[in-house]
Amino acid sequence: MSYVSEVADLQISKYTNIGSLAILVFDYCITFQDEVLWTWSRPWGLIRVVFTISRYLPFVGSGLTAYAALRVGGPCPPSLAENIIHILSIVAAEGLLVIRTWAFWQKSKKMLIGLLIYSTATVIGAVAMNVLPNHQLISTDVSMIPGPCGFESSRNSALVYAILGLFECVILALTAYKWSHDYRDSEIQSSIVTTVYGGSMLYMLCIIAITVTNVVVDAAFPVGFTNLFDTLQLVIHSVLASRILFHLRSSDSHAHETDIPLIVSAPRYGQPSQIQTNEIKDETNEV
């Protein structure tokens with residue numbers, strides 16, 4: 001790798017991060033009305049606190065990354081604070097997904113304990129990989145750019161994203177299993193079921209896609225690209241976690257206002273009872 005090629009790679013990474021910040025601002029503008037409609041009238045509780053963190057903290061993290069990308073002189077940007085904010089933002093977004101998954105499983109205590117234990121282990125593992133930049137677990141090229149303030153990250157970031165991706169795959173698998181086990185073979189024609197399961201799974205696949213992309217980029221691409229999708233990872237988590245919440249509440253409100261029957265035809269292999277159907281509404285109210 002030459003000095004010139006690494007500088008060109010860094011410029012691409014910087015432009016991509018600035019563009020990701022623009023995506024976050026644009027999405028906030030077009031979904032602000034949904035936020036006012038579906039969250040501002042709700043009382044403050046765990047879900048609203050987690051949502052607020054996942055919605056607004058990414059602006060701080062993305063801003064710090066943009067500052068690091070645009071910096072041309074002066075002291076080094078606060079990389080530790082930036083990393084902490086990025087981690088907290090992603091944890092908050094994942095927290096919304098965990099709460100939603102727990103609601104899908106009828107708020108099972110066993111499921112809650114399992115999710116909390118696995119979530120804690122995931123956070124500890126990711127943080128441990130992130131704070132060990134001097135212990136490279138993946139072979140890496142040496143940066144050709146002198147100075148302590150380069151816009152690059154440790155190759156260990158690939159392992160951090162791999163741990164996160166595995167966690168997201170587990171959440172997706174739990175959702176898919178619940179849908180298949182309880183409702184997939186029934187004749188329920190309901191926007192609630194479609195939104196709660198189908199829509200949420202589609203968003204989860206998008207989140208997993210950006211996480212896997214970051215694993216590949218950080219592990220295999222030249223060192224100048226190690227921060228290529230750093231901000232985009234943050235933005236995608238914030239944007240899609242928020243949209244899942246908005247769509248769930250919108251679908252639930254629409255079903256109640258129009259009084260759409262959730263069971264409209266006979267089952268093929270055993271249809272969920274009316275109690276199970278009501279639980280779908282309860283699940284949307286939880287998230």
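FYI, side chains are in, hydrogens and waters are out, and symmetry mates aren't considered; it's all heavy atoms of this structure. Owing to the predicted nature of the structure, the values given are computational and were not obtained by experimental measurement.
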Enquirer: Side chains of Trp44 and Arg48, heavy atoms from C-beta outward: is any pair under 4.5 Å?
Expert: yes

Enquirer: Give every residue pair that meets the side chain to side chain donor-acceptor pair (under 3.5 Å) criterion with at least one member in residues 50-59, sequence neighbours excluded.
Expert: Tyr28-Tyr56, Thr31-Arg55, Glu35-Arg55, Glu35-Tyr56

Enquirer: Is there side-chain contact between Thr101 and Lys178, with heavy atoms separated by less than 4.5 Å?
Expert: no

Enquirer: Membership question, hydrophobic clusters at under 4.5 Å side-chain separation (ILVMFWY): are Leu37 and Ile47 in the same one?
Expert: yes

Enquirer: Are any non-hydrogen side-chain atoms of Phe51 and Phe246 less than 4.5 angstrom apart?
Expert: yes

Enquirer: For Ala93 versus His237, what's the shortest heavy-atom pair and its separation?
Expert: CB-O, 3.7 Å

Enquirer: Can you hop from Ile23 to Ile90 via hydrophobic side chains spaced under 4.5 Å?
Expert: no

Enquirer: Decide yes or no for Val216 and Phe221: does some side-chain heavy atom of the first lie under 4.5 Å from some side-chain heavy atom of the second?
Expert: yes

Enquirer: Measure the shortest side-chain to side-chain distance between Thr175 and Met204 over non-hydrogen atoms and say whether it is less than 4.5 angstrom.
Expert: no

Enquirer: Please tell me if the side chains of Glu94 and Leu164 come closer than 4.5 Å, counting only heavy atoms from C-beta onward.
Expert: yes

Enquirer: Do you reckon Leu57 sits in the same ILVMFWY cluster as Val49, going by side-chain contacts under 4.5 Å, direct or chained?
Expert: yes

Enquirer: Can you tell me how far apart NZ (Lys14) and CG (Asn227) are? Round to the nearest 0.5 Å.
Expert: 10.5 Å

Enquirer: Distance check, rounded to the nearest 0.5 Å: Ile207 atom CD1 versus Ser238 atom OG?
Expert: 10.0 Å

Enquirer: Working to the nearest 0.5 Å, report the span between CD1 of Ile87 and CD of Glu82.
Expert: 10.5 Å

Enquirer: Which atom names give the shortest non-hydrogen contact between Gly224 and Ser13, and what distance separates them?
Expert: O-OG, 2.9 Å

Enquirer: Look up atom CH2 in Trp105 and atom CZ in Arg100, then write down how far apart they are to the nearest 0.5 Å.
Expert: 12.5 Å

Enquirer: To the nearest 0.5 angstrom, please state how far the CZ atom of Phe225 sits from the CG atom of Leu10.
Expert: 8.5 Å

Enquirer: Specify the closest pair of heavy atoms between Leu240 and Cys206, including all atoms of both residues, with the distance to one decimal.
Expert: CD1-CB, 3.5 Å

Enquirer: Less than 4.5 Å apart, side chain to side chain, heavy atoms only: is that true for Ile244 and Leu96?
Expert: no

Enquirer: Under the side chain to side chain contact (heavy atoms under 4.5 Å, CB included) rule, what do Met201 and Leu172 come out as? Steps first, then yes or no, please.
Expert: CA-CA 6 Å; Met201 289 170 61; Leu172 177 63; 3.9 Å; yes

Enquirer: Stepwise, does the side chain to side chain contact (heavy atoms under 4.5 Å, CB included) test hold for Cys169 with Ile208?
Expert: CA-CA 7 Å; Cys169 287; Ile208 292 172; 4.0 Å; yes

Enquirer: Shortest non-hydrogen contact from Leu24 to Val239?
Expert: CD1-CG2, 4.3 Å

Enquirer: Looking only at heavy atoms, what is the nearest atom pair of Ala69 and Ile18, with distance?
Expert: CB-CD1, 4.4 Å

Enquirer: Is Asp27 salt-bridged to Arg243, going by a charged N under 4.0 Å from an acidic O?
Expert: yes

Enquirer: Could you check whether any side-chain heavy atom of Tyr161 comes within less than 4.5 Å of a side-chain heavy atom of Thr213, counting everything from C-beta outward?
Expert: no

Enquirer: Minimum heavy-atom separation for Ser20 to Val235, with atom names?
Expert: O-CG2, 3.4 Å

Enquirer: Same cluster for Phe59 and Trp40 if Ile/Leu/Val/Met/Phe/Trp/Tyr side chains link at under 4.5 Å?
Expert: yes

Enquirer: Quick check: does any side chain N or O of Asp230 sit under 3.5 Å from a backbone N or O of Asn17, one acting as donor and the other as acceptor?
Expert: no

Enquirer: Tabulate below the donor-acceptor pairs under 3.5 Å that side-chain atoms of residues 111-128 make, not counting sequence neighbours, or state none.
Expert:
from: Ser119; atom 1: OG; to: Leu115; atom 2: O; distance (Å): 2.6
from: Thr120; atom 1: OG1; to: Leu116; atom 2: O; distance (Å): 2.8
from: Thr122; atom 1: OG1; to: Tyr118; atom 2: O; distance (Å): 2.8

Enquirer: Mind checking whether Leu174 and Leu97 sit in one hydrophobic cluster, side chains of I, L, V, M, F, W, Y counted as touching below 4.5 Å?
Expert: yes

Enquirer: Go through Ile210 and Leu232 one step at a time and tell me if the side chain to side chain contact (heavy atoms under 4.5 Å, CB included) criterion holds.
Expert: CA-CA 8 Å; Ile210 185 61; Leu232 187 61; 3.7 Å; yes

Enquirer: Between CG of Leu234 and CG of Leu88, what distance do you get to the nearest 0.5 Å?
Expert: 10.5 Å

